[in-house]
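Following: one structure in structure tokens, then a few remarks.
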Amino acid sequence: MLPIMGMSSVNGGRTVDMNHSDHCTAVLPGGVQIPLLGFGTWQATGEDGYRAVLAALDSGYRHIDTATMYGNEEQVGRAVRDSGLRREVIFITTKLPPERVGWERKTIEESLRTLGVDYVDLWLVHWPPNDAGDLIPVWREMLAARDDNLARTVGVSNFSTAQIDELIQATEEAPAVNQIKWGPRLYDRQRHAEHRDRGVVLEGYSPFKTTDLSDPVLTRIADAHDVSPAQVVLRWHLDHEIVAIPKSVTPERIRANADIFGFSLTPEEMRDIDALGS
Ligand SMILES: NC(=O)c1ccc[n+]([C@@H]2O[C@H](COP(=O)([O-])OP(=O)(O)OC[C@H]3O[C@@H](n4cnc5c(N)ncnc54)[C@H](OP(=O)(O)O)[C@@H]3O)[C@@H](O)[C@H]2O)c1
């Protein structure tokens, strides 16, 4: 079991224990809780993908990020069932590919069938539609799927703040989440604040691909906590209350990437890592 430590932080007006995986969540509309640590599955396909998701659930991850485009929803769903965990304790995200604009309902129904679940916890528009005129109609379809209980929450991915504002203006409903490329090198305080101000949870993707894990700032901080630079990068996301979804198909890395609840970063360390983005 991962350790419980005293540190806490305020999240949506609620105090959360940031040193225990079960409690380290952000609150989405409707009171839905999203674990700040998720497991990425892009390029984790076939039996490798199945084994990786099973290993992730065994290592304590309770949030799996997939997409129609990844071609692994069947393996993700099978691993969820074979984990022996109850469906309700696992947060599952999938995404609508841009080429399925106009076939939203059919696409989510196919995703649910392939995953073998009755609902997903989060359904995202994977990329803004190529035709800007489709932006609002797609969002209305996402909201309708949520209202029909096919997804507990809906959100977007790779959206600019201006595009998010268009959605809010047209429907008075903000996306629960915007999943965007994020990491220390891409740190942008202003962009993070823009999400917070709109009640949109920022979810970062590609935490390692965007990072030089041999950066001296990261290795120094890692040494100070007796952890790896990769663990520092993930903890930095959590301490900013940003969702991180690292991917790995390597069992030791899957386990190590989840073992980030036994330490936290000091304000000075957070500032030093933030500065890698300037
Ligand atoms: N919404 C979008 O448009 C979008 C785009 C990209 C990604 N995503 C999501 O975000 C997830 C994560 O992003 P990503 O897959 O692009 O990249 P990532 O998680 O930043 O990096 C994955 C790579 O890092 C390696 N790795 C994992 N743990 C490591 C560790 N502790 N030390 C060193 N290397 C490590 C993995 O190798 P091994 O697997 O060989 O261990 C793999 O090569 C994706 O899987 C997907 O779910 C979303």
Side-chain angles (χ1 to χ4, degrees), residues 34-56 59 61 63-73 75-76 79 90-100 111 115 120-130 142 154-160 163-164 175-187 195 200-215 218-219 221-222 225-238 242-260:
I34 180 170
L36 292 184
L37 177 69
F39 184 69
T41 68
W42 180 38
Q43 297 172 322
T45 52
E47 286 312 289
D48 285 350
Y50 166 77
R51 276 192 292 271
V53 175
L54 205 52
S59 304
Y61 298 80
H63 167 182
I64 310 293
D65 182 81
T66 182
T68 297
M69 233 174 177
Y70 300 168
N72 61 8
E73 289 177 317
Q75 288 82 1
V76 168
I90 305 174
F91 189 101
I92 303 176
T93 301
T94 195
K95 312 187 191 85
L96 173 82
E99 69 272 14
R100 300 301 303 233
S111 281
L115 282 159
V120 288
D121 298 276
L122 176 62
W123 190 35
L124 301 177
V125 183
H126 205 149
W127 292 88
N130 294 331
M142 302 293 287
V154 288
V156 297
S157 177
N158 300 300
F159 271 50
S160 66
Q163 287 168 324
I164 290 174
V177 163
N178 187 22
Q179 186 182 111
I180 56 176
K181 198 184 277 186
W182 198 259
R185 285 244 178 109
L186 301 175
Y187 180 66
H195 284 80
V200 179
V201 168
L202 179 50
E203 178 169 357
Y205 70 69
S206 300
F208 303 139
K209 285 184 186 161
T210 59
T211 304
D212 173 6
L213 292 174
S214 63
D215 186 293
L218 297 176
T219 54
I221 295 171
H225 292 278
D226 200 17
V227 297
S228 70
Q231 289 170 313
V232 168
V233 168
L234 297 176
R235 185 70 217 193
W236 171 81
H237 283 73
L238 266 50
I242 291 174
V243 180
I245 47 172
K247 170 265 179 187
S248 176
V249 291
T250 314
E252 310 81 67
R253 285 174 168 176
I254 293 171
R255 274 194 295 276
N257 293 344
D259 189 10
I260 53 170

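Counting convention: from 1, in listed order, for ligands and their atoms alike. Index from 1, following the sequence.
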At under 4.0 Å between heavy atoms, which part of [X] makes contact with ligand 1: side chain, backbone, both or neither?
X	result
Thr210	neither
Ala230	side chain
Ser248	both
Thr66	neither
Arg253	side chain

Atoms of ligand 1, numbered as shown, that sit under 4.0 Å from any heavy atom of [X]:
X	result
Gln179	1 (N), 2 (C), 4 (C), 8 (N), 9 (C), 48 (C)
His126	1 (N), 2 (C), 3 (O)
Pro246	19 (O)
Ile245	9 (C), 10 (O), 11 (C), 12 (C)
Tyr70	4 (C), 8 (N), 9 (C), 46 (C), 47 (O), 48 (C)

[atom2] on [Y] to [atom1] on [X], rounded to 0.5 Å:
X	Y	atom1	atom2	value
Leu37	Tyr61	CG	OH	5.5 Å
Ile221	Trp236	CD1	CH2	11.0 Å
Trp42	Lys209	CH2	NZ	4.5 Å
Ile260	His225	CD1	NE2	13.0 Å
Asp212	Arg185	CG	CZ	5.0 Å
Ile64	Thr94	CD1	OG1	12.0 Å

- Is any side-chain heavy atom of Leu122 closer than 4.5 Å to a side-chain heavy atom of Gln179?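 Side-chain contact under 4.5 Å: no.
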- Message: Would Leu213 count as being in polar contact with ligand 1, using the rule that some N or O on each side must be under 3.5 angstrom apart?
- Response: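 N/O-N/O distance below 3.5 Å does not exist for this pair.
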- Message: Please report whether ligand 1 has a polar contact with Lys95, defined as an N or O pair separated by less than 3.5 Å (distance criterion only).
- Response: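 Between Lys95 and ligand 1, no N or O pair is found under 3.5 Å apart.
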- Message: Show, in sequence, the C-alpha distance, side-chain angles and deciding distance for Thr45 and Gln75, and conclude whether the side-chain contact (heavy atoms from CB on, under 4.5 Å) test is met.
- Response: CA-CA 8 Å; Thr45 52; Gln75 288 82 1; over 6 Å; no
Specify the protein heavy atom at minimum distance from [atom]: its residue, its atom name, and the distance to 0.1 Å.
atom	answer
atom 28 (N) of ligand 1	Asn257 ND2, 3.0 Å
atom 15 (O) of ligand 1	Lys247 CB, 3.4 Å
atom 20 (O) of ligand 1	Phe208 N, 2.7 Å

- Carefully, step by step, assess His63 and Val243 under the rule side-chain contact (heavy atoms from CB on, under 4.5 Å). CA-CA 10 Å; His63 167 182; Val243 180; 3.7 Å; yes
- Query: Where the closest heavy atom to atom 13 (O) of ligand 1 is concerned, which of Ala44, Ser206, Ser228, Pro229 has it?
  - Reply: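 Checking each option, the heavy atom nearest atom 13 (O) of ligand 1 is found in Ser206.
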- For atom 45 (O) of ligand 1, which of Trp42, Phe39, Tyr205 has the closest heavy atom?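 Shortest heavy-atom distance from atom 45 (O) of ligand 1: Trp42.
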- Query: Can a non-hydrogen atom of Trp127 be found less than 4.0 Å from any atom of ligand 1?
  - Reply: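 The answer is yes: ligand 1 sits under 4.0 Å from a heavy atom of Trp127.
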- Task: Please confirm whether Ala256 comes under 4.0 Å of ligand 1, counting heavy atoms of the residue only.
- Result: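 Flag not set, Ala256 not near ligand 1.
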- Item | CA sep, side-chain torsions, deciding dist, call: Glu73, Thr66, side chain to side chain donor-acceptor pair (under 3.5 Å) | CA-CA 7 Å; Glu73 289 177 317; Thr66 182; 5.1 Å; no
